[in-house]
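To keep things clear, I will list the structure first and then write my remarks on it.
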Amino acid sequence: LGFDVSGDSFVCEVREEKDSTSTKLGDFVVTFSTDGTDGELLLTMDDAVVDTITRRKGYMDIKRISFGEPYAVFAEPLEVFFKGSVTA
């Protein structure tokens with residue numbers, strides 16, 4: 001992100017469509033690559049979650065929680081593609 005986020009937490013959901021009310025496919029676990037002061041994030045999704053996803057793509061939305069307030073990281077959800085573990 002390019003700035004210190006070491007005191008913040010993150011929520012990252014993947015949904016079928018860009019609409020936040022569409023079916024949730026899974027959650028990314030958001031951690032820091034280092035200590036968070038550099039703003040670099042590491043997003044992972046457990047294989048057990050990925051194995052349940054039958055769609056080829058979804059839309060990822062990340063919220064940064066800072067001082068109890070949620071802030072969108074991107075202007076709109078990002079399109080993501082699932083490869084490898086997709087069964088459909």
pair Val14-Phe28: side-chain heavy atoms closer than 4.5 Å: yes
Check: Met45 and Ile53 side chains under 4.5 Å, non-hydrogen atoms: yes
Straight-line distance of Phe74 CZ to Asp61 CG, nearest 0.5 Å: 9.0 Å
Hydrophobic cluster identity match, Val49 and Ile62, side-chain contacts under 4.5 Å: yes
Partner residues of Thr21 under the side-chain contact (heavy atoms from CB on, under 4.5 Å) criterion, sequence neighbours left out: Asp19
For Phe10, the option from Leu43, Ile65, Val5, Thr31 that meets side-chain contact (heavy atoms from CB on, under 4.5 Å): Val5
Check: Leu25 and Phe82 side chains under 4.5 Å, non-hydrogen atoms: yes
Transitive ILVMFWY side-chain link Val50 to Val30, under 4.5 Å: yes
Stepwise side-chain contact (heavy atoms from CB on, under 4.5 Å) check, Thr44 with Leu42: CA-CA 7 Å; Thr44 57; Leu42 178 64; 4.3 Å; yes
Distance in Å, Leu1 CG paired with Arg64 CZ, rounded so as to fall on 0.5 Å steps: 7.5 Å
Greater than 12 external heavy atoms within 6.0 Å of Phe67's CZ: no
N-O pairing of Lys63 and Glu69 below 4.0 Å: no
Leu41 side chain reached by Phe32 side chain, heavy atoms, under 4.5 Å: yes
Exercise: do Ser6 and Asp35 side chains pair donor with acceptor under 3.5 Å: no
Short N-O contact, Glu13 and Arg15, less than 4.0 angstrom: yes
Pairwise distance CD(Glu76) to CE(Met60) - rounded to 0.5 angstrom: 12.0 Å
